[in-house]
2 protein chains.
Amino acid sequence: MAKFKLDEIDHQILDMLIENTRVPFTDIAKKLLISAGTVHVRVKKMEDAGIIKGSSITLDYKKLGYSFIAYVGIYLQNTSQTKFVLERINEIPNVTVAHITTGKFNIFCKIRAKNTEHAKDVIFQLDDIDGIYRTETMISLEESINDKKRLMHSIFNEM
Amino acid sequence: MAKFKLDEIDHQILDMLIENTRVPFTDIAKKLLISAGTVHVRVKKMEDAGIIKGSSITLDYKKLGYSFIAYVGIYLQNTSQTKFVLERINEIPNVTVAHITTGKFNIFCKIRAKNTEHAKDVIFQLDDIDGIYRTETMISLEESINDKKRLMHSIFNEM
DNA sequence: GGTGAAACTTCTAATAA
DNA sequence: TTATTAGAAGTTTCACC
């Protein structure tokens, strides 16, 4: 996969879009002292290159009654079942991300639930999947999400 | 935290915004057979209520040369140092999320790096933090992200 | 590559229902 | 709560640097 070359302008455009996708191109243009047309062309180029894959709103799951987060490590009976089990896991909407991993666990996933009671149901759903022989749960007491912009800066400064 | 009441219309608006924040309100209106003004009012209401926290672009980190993902479980010398250590961890831009957890680990985080060599540097940075006495790394061989929309549907159907 | 302005589309807020 | 509408604001294209 080829590394796409971004210059300082692209980088600053991304920074602003990371914070808010609806920031007007005219505002970006004003801040970077370029024209709105240029912003448009550059964003389009990054979209076409697949650097910008899409955009999404950020929801407050706590306000939606979903304040429970946990990570679940999964041990399989047999690693040949990995693909199959992963598909079953991904059918559970409460599983937000799943990884095939090296180390202790074969599969590792993050779940989101309403509360402990509800989380128990989700974990039971996982335990019920054929091929999973044991799970190990780590409950999140506090989540801190790192600023996307900071990662972008560190990526950019190495390019 | 009070649960905000969303109706079917709100839910469908969220669905469309989850897929693409830049979808014109007029398109949403057309699809849901309501006016663009109504869409605007409802989105604003959800923003004011904090249900919609913001919006961001999704980047392709692989294309940016960052194809390495790992989870790192952290053991502390003393749990009283948790807050302090978490702050140090969050200063590393390659750590994208960190959690205080129950279970084996005291802190659990996700890192993003260029490759194994680079990941080693990041993990060494973690190991160097005062108060951390051991880390355990799980490398992601494959990541599958579950559709946000599916989670929203399951949340909505329980409301 | 970038610009600036025209043409087009979308947003927003006020008014009315 | 929702619809309509008109003016403001944003986006996109294009001829020209």
Side-chain angles (χ1 to χ4, degrees), chain A residues 2-60 63-65 148-149 152-153 155-159, chain B residues 2-60 63-65 148-149 152 155-157 159:
Chain A
K3 229 165 126 177
F4 187 87
K5 291 288 167 213
L6 302 177
D7 66 10
E8 178 64 28
I9 301 283
D10 292 323
H11 177 218
Q12 303 225 55
I13 292 173
L14 286 180
D15 265 4
M16 295 184 77
L17 292 177
I18 282 170
E19 301 242 307
N20 173 17
T21 54
R22 282 183 179 274
V23 63
F25 287 5
T26 44
D27 283 10
I28 298 177
K30 226 171 287 170
K31 191 169 170 195
L32 305 184
L33 306 174
I34 54 179
S35 76
T38 302
V39 176
H40 174 239
V41 169
R42 280 170 177 262
V43 169
K44 191 155 180 8
K45 210 172 279 177
M46 291 189 280
E47 279 170 353
D48 291 346
I51 297 280
I52 297 175
K53 285 199 285 188
S55 62
S56 188
I57 47 175
T58 312
L59 297 168
D60 188 326
K63 291 211 169 126
L64 290 166
K148 239 186 199 177
K149 239 170 104 173
M152 261 308 293
H153 278 269
I155 291 177
F156 181 73
N157 290 325
E158 280 161 352
M159 289 171 98
Chain B
K3 227 164 129 179
F4 187 87
K5 291 288 166 211
L6 303 176
D7 66 10
E8 178 64 28
I9 301 283
D10 292 323
H11 177 220
Q12 302 224 56
I13 292 173
L14 286 179
D15 265 3
M16 294 184 77
L17 292 176
I18 282 170
E19 301 242 308
N20 172 18
T21 54
R22 282 184 178 274
V23 62
F25 287 5
T26 44
D27 284 10
I28 298 177
K30 226 171 287 170
K31 192 169 170 195
L32 305 185
L33 306 174
I34 54 178
S35 76
T38 304
V39 176
H40 173 238
V41 169
R42 280 169 179 265
V43 170
K44 193 157 177 7
K45 210 172 279 180
M46 291 191 281
E47 278 170 354
D48 291 346
I51 297 278
I52 299 176
K53 285 199 287 190
S55 63
S56 188
I57 47 174
T58 312
L59 298 168
D60 188 325
K63 290 209 171 128
L64 290 166
K148 241 188 200 176
K149 240 170 103 174
M152 261 308 293
I155 291 176
F156 181 72
N157 290 325
M159 288 170 98

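Any value given below was found using the heavy atoms of this structure, including those in side chains, with hydrogens, waters and symmetry copies removed. Chain letters run A, B, ... following the sequence lines, proteins first and then strands; every chain starts at 1.
- When the P atom of D:dA9 is taken as reference, atom CG of A:Asp27 falls 11 Å away, rounded to whole Å.
- In terms of phosphate contacts, A:Arg42 brings a side-chain nitrogen or oxygen within less than 4.0 Å of OP1 or OP2 of C:dG2.
- When atom types are taken as modelled, the side chain of A:Arg22 and the backbone of B:Thr21 share a donor-acceptor pair closer than 3.5 angstrom.
- The distance between atom CG of A:Asp10 and atom C1' of C:dG1, rounded to the nearest whole Å, is 12 Å.
- Between B:Leu33 atom CG and D:dT2 atom P there is a gap of 14 Å when expressed in whole angstrom units.
- A:Ile9 has its CD1 atom 8 Å from the P atom of C:dG2, to the nearest Å.
- Among D:dT2, D:dT1, C:dC11, the nucleotide with an atom closest to any side-chain atom of B:Thr38 is D:dT2.
- In this model, the phosphate group of C:dC11 is approached by a side-chain N or O of A:Arg22 to a distance below 4.0 Å at OP1 or OP2.
- To the nearest angstrom, C1' of D:dT2 lies 14 Å from NE2 of B:His40.
- Side-chain proximity of A:Ser35 to the nucleotides D:dG10, C:dG4, D:dT2 is greatest for C:dG4.
- The line from CZ of A:Phe156 to NZ of A:Lys149 is 13.5 Å long, rounded to the nearest 0.5 Å.
- In this structure, A:Leu17 places its CG atom 10 Å from P of D:dT11, rounding to the nearest Å.
- Ranked by how close their nearest DNA chain D nucleotide is to the 5' end, A:Pro24 and A:Gly37 are led by A:Pro24.
- Under a 4.0 Å N-O distance rule, the pair A:Asp27/A:Lys31 does not qualify as a salt bridge.
- Rounded to an integer number of Å, the gap from NZ of A:Lys44 to P of D:dT12 is 9 Å.
- Distance from the side chain of A:Ile34 is smallest to C:dT3 among C:dT3, C:dT10, D:dA3.
- When the nearest nucleotides of DNA chain D are assigned to A:Ala36 and B:Asp7 by heavy-atom distance, the more 5′-ward of the two goes with B:Asp7.
- The separation between A:Leu32 atom CG and C:dT3 atom P is 11 Å, rounded to whole Å.
- Across D:dT11, C:dC11, C:dG1, the shortest atom-to-atom separation from the side chain of A:Lys45 is found for C:dG1.
- Side-chain contact between B:Glu19 and B:Asp15 is absent, with no heavy atoms from C-beta onward closer than 4.5 Å.
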(request) Dump the intermediate steps for side-chain contact (heavy atoms from CB on, under 4.5 Å) on B:Asp60 and A:Ile51, then the final yes or no. (result) CA-CA 5 Å; B:Asp60 188 325; A:Ile51 297 280; 5.7 Å; no
